[in-house]
Amino acid sequence: MLNYIWAFMILVGVLFGAVTGKMEAVTNAAIDSAGEAVSLCVTMLGVMALWVGLMEIARNSGLIAKMTRGIQPFISFMFPKIPQGHAAREYISTNIIANVMGLGWACTPAGLKAMEELAKLEEERGTPGYVSAGEGIFADGKKKGNKTGKSGVELPVVANGKSGRVASNEMCTFLILNISSLQLIPVNMIAYRSQYGSVNPAGIIAPAIVATFVSTAVAVVYCKVKDGRRRV
């Protein structure tokens, strides 16, 4: 959908330039923007390399492992149904730590792996849509073919060409936390401000901490309220 939106905006810009006789301005703007994009990418690449390198040093020194153990009570609070020692807990912890440190790029691989492990957890639970045909469960939790519910009617994994898979409660909670994550050092914003000539690029740190702390607090409250209602 986003591709269509951008394509539409570009098309409208070109047509507007042609109708108003400003095609030269449109062409110059496109060339200038392309050069600026390359310059920004080089700047962001340097920042990313620096912070990802620091994350690797922290991981090899054992600091990430200690931080991961330190936030396990929070992980247990937010994800009480994920078993202790499950791989998803480690990836979720790594993702949260990287987000807190403002390393959006570094946290992406951990986030993807966390979702993969959460999907495997749903498969282990026998959740319809995550298991192969003939591996579903009845409402009592026992695996008995690909059936579920009181009537024992078969619930296909795929129906009408569409998957019956639904995001689990843990997946939704993780996604909300990931989006609203607290950031102590907003590396991306500092790099953007530096690239575009800000006098004080790091001046965004204090407001960012306050804003992301509020967003994270709201996310935690929202997730626990929705989880409570779901159990009821």
Partners of [X] by side-chain contact (heavy atoms from CB on, under 4.5 Å), sequence neighbours excluded?
X: Ser198; result: Arg193, Pro201
X: Ala202; result: Asn200, Ile205
X: Ala217; result: none
X: Met115; result: Leu118, Met171, Phe174, Leu175

With ILVMFWY side chains joined below 4.5 Å, transitively, what does [X]'s cluster contain besides itself?
X: Val218; answer: Val214
X: Val26; answer: none
X: Tyr222; answer: Ile176
X: Tyr91; answer: none

Under 4.5 Å between any side-chain heavy atoms of [X] and [Y], yes or no?
X: Leu63; Y: Ile57; result: no
X: Lys224; Y: Met78; result: yes
X: His86; Y: Glu124; result: yes
X: Val220; Y: Leu177; result: yes

For residues 10-24, which side-chain N or O atoms pair as donor and acceptor with protein atoms under 3.5 Å away, sequence neighbours left out?
unit_1	atom_1	unit_2	atom_2	d
Thr20	OG1	Phe16	O	2.7

State, to 0.1 Å, how close Thr212 and Ser181 come at their nearest heavy-atom pair, and which atoms those are.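 Answer, listing the atom of Thr212 first, then Ser181: CB-O, 3.5 Å.
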All heavy atoms of Ser180 vs all of Thr216, minimum pair found to be O-OG1, 2.7 Å
Would a distance-only check, ignoring hydrogens and angles, find a side-chain to backbone donor-acceptor pair under 3.5 Å from Ser39 to Gly35? no
Please report the interatomic distance [atom1]([X]) to [atom2]([Y]), rounded to the nearest 0.5 Å.
X: Thr94; Y: Lys113; atom1: OG1; atom2: NZ; result: 12.0 Å
X: Asn95; Y: Asn178; atom1: CG; atom2: CG; result: 4.5 Å
X: Thr173; Y: Ile92; atom1: OG1; atom2: CD1; result: 9.0 Å

Say whether Ile179 and Leu112 are linked into one hydrophobic cluster, either directly or through other cluster members, by side-chain heavy-atom distances under 4.5 angstrom. no
Qualifying residues under side-chain hydrogen bond (donor to acceptor under 3.5 Å, both in side chains), relative to Ser215, sequence neighbours excluded: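 For Ser215, no residue satisfies side-chain hydrogen bond (donor to acceptor under 3.5 Å, both in side chains) once neighbours in sequence are set aside.
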With sequence neighbours excluded, tell me which residues meet side-chain hydrogen bond (donor to acceptor under 3.5 Å, both in side chains) with Glu122.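 side-chain hydrogen bond (donor to acceptor under 3.5 Å, both in side chains) list for Glu122, sorted by chain: Arg125, Thr127.
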Compile the donor-acceptor pairs under 3.5 Å between side chains in residues 65-77 and protein atoms, sequence neighbours left out, one pair per line.
unit_1	atom_1	unit_2	atom_2	d
Thr68	OG1	Ile64	O	2.7
Gln72	OE1	Arg89	NE	3.2
Gln72	OE1	Arg89	NH2	3.1
Gln72	NE2	Thr68	O	2.9
Gln72	NE2	Ser93	OG	3.0
Ser76	OG	Gln72	O	3.1
Ser76	OG	Gln84	NE2	3.3
Ser76	OG	Arg89	NH2	2.7

Could you walk me through whether Glu170 and Ile82 pass the side-chain contact (heavy atoms from CB on, under 4.5 Å) check? CA-CA 8 Å; Glu170 288 85 359; Ile82 297 181; 3.8 Å; yes
